[in-house]
*Asks:* 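Have a look at the structure that comes next, please.
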2 protein chains.
Amino acid sequence: MARPRKPLLSRDRIVGAASALVDAEGLDAVSTRRLAAVLGVSGPSLYNHFRNKEEILDAVADAVSAQVDLSMFEESDPRDWRAALHDWALSYRAALAAHPHIVPVLARGPGRRPAGLRVADAVFGAMVGAGWPPAQATRIGALMRYFITGSALGSFAGGFVDDETAYDPADYPHLGQAHLLADHRRQVDEGAFETGLRALLDGLTIQYEQYARPVGGDGDDTATVRLAPNRP
Amino acid sequence: MARPRKPLLSRDRIVGAASALVDAEGLDAVSTRRLAAVLGVSGPSLYNHFRNKEEILDAVADAVSAQVDLSMFEESDPRDWRAALHDWALSYRAALAAHPHIVPVLARGPGRRPAGLRVADAVFGAMVGAGWPPAQATRIGALMRYFITGSALGSFAGGFVDDETAYDPADYPHLGQAHLLADHRRQVDEGAFETGLRALLDGLTIQYEQYARPVGGDGDDTATVRLAPNRP
DNA sequence: ACCTGAACACCGTTCAAGT
DNA sequence: ACCTGAACACCGTTCAAGT
């Protein structure tokens, strides 16, 4: 059999199988040959639908970005930038946490991935709409990304080994309980994320009062922006 | 020739060559065979010094962690946790920015890497010494890691493509200038890092007043800790 | 257009053999 | 102890051939 009358493959089928493989066994488990085998075709068939393996993984990453809820940026009062950012961060993190193995691919930046770009666009637009100067809105999009992808990638607690003898008190005087972290992995990571997110939003609130005036307060929908020096 | 009277290889030589290869050509360029060729030996020789390729890359990552300055945690007044955290974050980011390709390996967590553990130990010890409750000190270590590694990994600006046609205004109404980001890559990333770091420290300062009282104010060097609920 | 098998230039790792 | 070549079981990708 050379070409079937109905195509065996589609971009969506390939992305679906690749996602499942990434979730189940990690990035390293994805080879074009294994992926093709799962799909019941031979390895080179994939190249009729994607230029190379990287493009397949990019599509998997973009499918995760597509899961991020952006509705809070449309619905809410533009003055509620803080609440919107908070809810978006939770949704973003939840999407990444559900597919941790693809995060390194996603963290490289939006590039040309449509869903990733929609996320960047929505955040930037909402912050500008809330009265942030564009340069600051760009920075907010970037720094939130740093924090969220960093938290999804690192799994601080999971990075420690569950082995009491691994952390000699003579070498690391304060890490006596570190081996316990592996157990409490989820709690520690979620606690750190919550604490960090709250700190970030509190800190940005302080900066907001220096950089901008909110928009739309009295039916005036143009941003009244006051530029302030970068360091107060 | 089978075994030379003086060893051709050492762990340090291997790590040095691997670091250079990672910096020059990225993670994917490091294969055991290429690395061995650079070192003038055959591929399997490396296995006399490291168990596998992953261990070599872990050692490269740890060499980067070893560059992080930790002196601010020893020298400073324990009450200056904020200044110490700030300076440490800059030093950490600088170390990662100098070797961006190894960041994905480093971001997986300290594991058993000695230098990475020294970093975690120093931060945790300093925060507890400054009066933070241990659970909060753990979270601070984690969230700072999230932010710093996320910023070193993502290069938000570098993630955009320098191509005016890539970001159609119909699809992404707010990304009209996005293709310019590639040019200003360093500025945007550094600006976002500074803004985020300041926000994080401002936010933590607010939380500090709820969680703890500073230590050593009147020659009393035990922490007086008041536990507060996680959400105020 | 879409799939195939064969082929090319690679991989990481094991292992017996050498000194 | 430390290096070697041979070998095994893989890779990603190209390409001519088939329908």
Side-chain angles (χ1 to χ4, degrees), chain A residues 1-62 101-102 104-105 108 111-113, chain B residues 1-62 101-102 104-105 108 111-113:
Chain A
M1 176 225 348
R3 172 161 103 96
R5 39 188 69 227
K6 245 206 132 192
L8 297 173
L9 253 33
S10 68
R11 287 179 66 98
D12 280 352
R13 266 201 79 215
I14 294 168
V15 171
S19 294
L21 205 46
V22 169
D23 286 347
E25 302 190 42
L27 264 188
D28 290 345
V30 182
S31 74
T32 55
R33 291 165 130 107
R34 269 199 73 182
L35 180 54
V38 167
L39 290 161
V41 297
S42 80
S45 304
L46 302 171
Y47 291 83
N48 288 299
H49 302 270
F50 289 93
R51 257 202 291 274
N52 50 41
K53 183 183 166 181
E54 197 188 340
E55 240 187 29
I56 299 175
L57 292 177
D58 270 354
V60 171
D62 210 43
H101 294 129
I102 199 67
V105 175
R108 278 171 211 167
R112 297 171 181 274
R113 294 193 308 260
Chain B
M1 177 222 354
R3 173 161 103 95
R5 39 190 69 228
K6 245 206 131 193
L8 297 172
L9 254 33
S10 68
R11 286 178 68 98
D12 280 351
R13 268 200 79 214
I14 294 169
V15 171
S19 294
L21 205 47
V22 169
D23 286 346
E25 303 190 41
L27 263 187
D28 289 345
V30 183
S31 75
T32 55
R33 291 165 129 107
R34 270 199 73 184
L35 181 54
V38 166
L39 290 162
V41 298
S42 81
S45 303
L46 301 172
Y47 291 82
N48 287 298
H49 302 270
F50 290 93
R51 258 202 291 272
N52 51 40
K53 183 183 167 182
E54 198 189 339
E55 240 188 30
I56 298 175
L57 291 176
D58 270 355
V60 171
D62 210 43
H101 293 129
I102 199 67
V105 175
R108 278 171 212 168
R112 297 172 183 271
R113 295 193 307 261

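In what follows, every heavy atom counts, from backbone to side chain, and hydrogens, waters and symmetry copies are set aside. Order of the sequence lines sets the chain letters (A, B, ...), proteins ahead of strands, with each chain counted from 1.
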*Asks:* Of the residues in residues 43-57 of chain B, which ones touch DNA chain C at a heavy-atom distance under 4.0 Å?
*Replies:* Pro44(B), Tyr47(B), Asn52(B), Lys53(B)
*Asks:* Please collect all salt bridge (charged side-chain N to carboxylate O under 4.0 Å, His left out) contacts where either partner lies in residues 40-49 of chain B, sequence neighbours excluded, each pair once.
*Replies:* none
*Asks:* Side chain to side chain contact (heavy atoms under 4.5 Å, CB included) with Asp58(A): which residues, sequence neighbours excluded?
*Replies:* Val105(A), Arg113(A)
*Asks:* Would you please name every residue forming a salt bridge (Lys or Arg N to Asp or Glu O under 4.0 Å) with Arg112(A), sequence neighbours left out?
*Replies:* Asp163(B)
*Asks:* Tell me, which pairs form a side chain to side chain donor-acceptor pair (under 3.5 Å) where one or both residues lie in residues 21-32 of chain B, sequence neighbours left out?
*Replies:* Asp23(B)-His99(B), Glu25(B)-Arg34(B)
*Asks:* Please find the pair of heavy atoms, one from Leu27(A) and one from Ile102(A), that lie closest to each other, and give the distance.
*Replies:* CD2-CD1, 4.1 Å
*Asks:* Once side chain to side chain contact (heavy atoms under 4.5 Å, CB included) is applied, do any residues pair with His101(A), and if so which ones, sequence neighbours excluded?
*Replies:* Val22(A)
*Asks:* Name every donor-acceptor pair, under 3.5 Å, that has one atom in a side chain of residues 8-18 of chain B and the other anywhere in the protein, sequence neighbours excluded.
*Replies:*
unit_1   : atom_1 : unit_2   : atom_2 : d
Ser10(B) : OG     : Arg13(B) : N      : 3.1
Arg11(B) : NH1    : His49(B) : O      : 3.0
Arg13(B) : NH1    : Leu8(B)  : O      : 2.6

*Asks:* How would you list all residue pairs meeting salt bridge (charged side-chain N to carboxylate O under 4.0 Å, His left out) that involve residues 37-53 of chain A, not counting sequence neighbours?
*Replies:* Arg51(A)-Glu55(A)
*Asks:* In dot-bracket, 5' to 3', how would DNA chain C read with Watson-Crick or G-U wobble pairs under 3.5 Å, [ ] for crossing ones and | for pairs to another strand?
*Replies:* ||.|||||...|||||.||
*Asks:* Show the numbers, then the answer: is there a side-chain contact (heavy atoms from CB on, under 4.5 Å) between Val30(B) and Val60(B)?
*Replies:* CA-CA 12 Å; Val30(B) 183; Val60(B) 171; over 6 Å; no
*Asks:* Going by number, which of residues 11-33 of chain A have a non-hydrogen atom under 4.0 Å from DNA chain D?
*Replies:* Val30(A), Ser31(A), Thr32(A), Arg33(A)
*Asks:* With sequence neighbours excluded, what pairs up with Arg108(B) under the side chain to side chain contact (heavy atoms under 4.5 Å, CB included) test?
*Replies:* none
